[in-house]
Participant: 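Got a structure here, written out as structure tokens. Questions coming.
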Amino acid sequence: MRLLVVNPNATASMTETIAAAARGALPEGEILARTNAAGPPAIQGPEDGAAAIPGFLNELRAGIAEGADAGIVACFDDVGLLEARAETAFPIVGLCEAACHAAMLTGRPYSVVTTLAVAIPVIEANIERYGVGASCRRVRAAGVPVLALEDPESGAAERVSDEIERALAEDGAGAIVLGCAGMADLAADLSARHGVPVIDGVVAATGMAATLIRILLPLTHAS
């Protein structure tokens, strides 16, 4: 089982954080991690997302050529997901898509905690497109730049935790979705701290992609 993880931004250290989360969620598989070196250092809003799409698609094509069985768009804005599906039948999953479906399936109302407010309209549009908005109480921003998540001295993790606390108190949320791939290594600690499911999109997408591989492999072997 070979899972392709493509980070649409150019920050290789973030790719490593994402790949580590995917490996932890799929220890029996091989994770092929690729970074879009042609993309912006971080994706913060629709302009960055649009700029990242050409390079993302190039990395996706390269990963497919390496023999990947399925892929993940490792950005919570699901940058390039629609374009990828229009181009190829290769099975690919978005973080927002997977995490919000997982949150809905918990049977609990959920809120999304992302980085900056500029990401909120993009995420809200994706939630509406995926049909998972009925259980979503709110998309919230912690006021944390994406790259601050790479710096343990920045206080970013505490600001995300504080925003989760507000989501639980103000939104009536029973689950939290982390709205940035760079938060992948925070989910377990935040879930233990707040006593609710804190869903990381990388883990959710890895599980969904692995299921797709298991469904599609018999067809691949038959062909």
Side-chain angles (χ1 to χ4, degrees), residues 3-22 25 31-63 68 70-87 90-103 112-127 129-130 132 139 141-142 144-150 156 160 177-187 199-209:
L3 180 60
L4 172 65
V5 177
V6 182
N7 177 10
N9 78 38
T11 301
S13 57
M14 188 171 294
T15 305
E16 286 306 310
T17 297
I18 294 162
I31 305 301
L32 307 175
R34 302 188 68 90
T35 304
N36 175 20
I43 295 175
Q44 299 181 139
E47 291 81 8
D48 288 336
I53 289 174
F56 163 76
L57 291 174
N58 285 336
E59 295 300 328
L60 177 67
R61 294 179 195 116
I72 290 174
V73 182
C75 171
F76 199 82
D77 288 3
D78 289 353
V79 167
L81 179 61
L82 296 179
E83 290 80 2
R85 286 178 174 159
E87 177 177 301
F90 179 73
I92 186 164
V93 181
L95 301 194
C96 179
E97 176 183 50
C100 291
H101 275 97
V112 177
V113 174
T114 189
T115 50
L116 297 174
V118 69
I120 291 176
V122 177
I123 294 169
E124 288 178 336
N126 284 340
I127 287 172
R129 181 180 301 113
Y130 302 145
V132 292
V139 180
V144 174
V146 170
L147 294 182
L149 295 164
E150 297 285 286
V160 171
V177 169
L178 296 178
C180 178
M183 297 177 184
D185 57 347
L186 303 180
I199 300 167
D200 160 45
V202 177
V203 170
T206 298
M208 186 174 290

Participant: How long is the span from the CG atom in L82 to the CZ atom in R85, to the nearest 0.5 Å?
Facilitator: 7.5 Å

Participant: Check whether any side-chain heavy atom of I72 sits under 4.5 Å from a side-chain heavy atom of V6, and report yes or no.
Facilitator: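 No, too far: nothing below the 4.5 Å cut-off.
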
Participant: Would you say the side chain of L32 lies within less than 4.5 Å of the side chain of L3, judging by non-hydrogen atoms?
Facilitator: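 SC-SC contact between L3 and L32 ruled out.
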
Participant: Is the backbone N or O of L186 less than 3.5 Å from a side-chain atom of D200, with the two atoms forming a donor-acceptor pair by type?
Facilitator: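 Side chain of D200 to backbone of L186: no pair is present.
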
Participant: Verify, without hydrogens or angle tests, whether D77 (side chain) and V79 (backbone) share a donor-acceptor contact under 3.5 angstrom.
Facilitator: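 Looks like no, no N/O pair under 3.5 Å.
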
Participant: Just by modelled atom types, is the A52 backbone N or O under 3.5 Å from a matching donor or acceptor in the N36 side chain?
Facilitator: yes

Participant: Is T15 close to R34 at the side-chain level, that is, under 4.5 Å between some pair of heavy atoms?
Facilitator: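 Sidechains of T15 and R34: no contact.
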
Participant: Does the side-chain contact (heavy atoms from CB on, under 4.5 Å) test come out yes or no for T17 and E150, once each step is laid out?
Facilitator: CA-CA 9 Å; T17 297; E150 297 285 286; 4.2 Å; yes

Participant: Sub-3.5 Å donor-acceptor pair from the side chain of E97 to the main-chain atoms of G94, do we have one?
Facilitator: yes

Participant: Spell out, as yes or no, whether a donor-acceptor pair under 3.5 Å connects the side chain of D78 to the backbone of C96.
Facilitator: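 Yes; judged by distance alone, with no hydrogens or angles, the pair exists.
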
Participant: Just wondering, do V177 and V113 contact through their side chains at under 4.5 Å, heavy atoms?
Facilitator: no

Participant: Treating Q44 as the side-chain partner and L116 as the backbone partner, does any N or O pair qualify as donor plus acceptor under 3.5 Å?
Facilitator: no

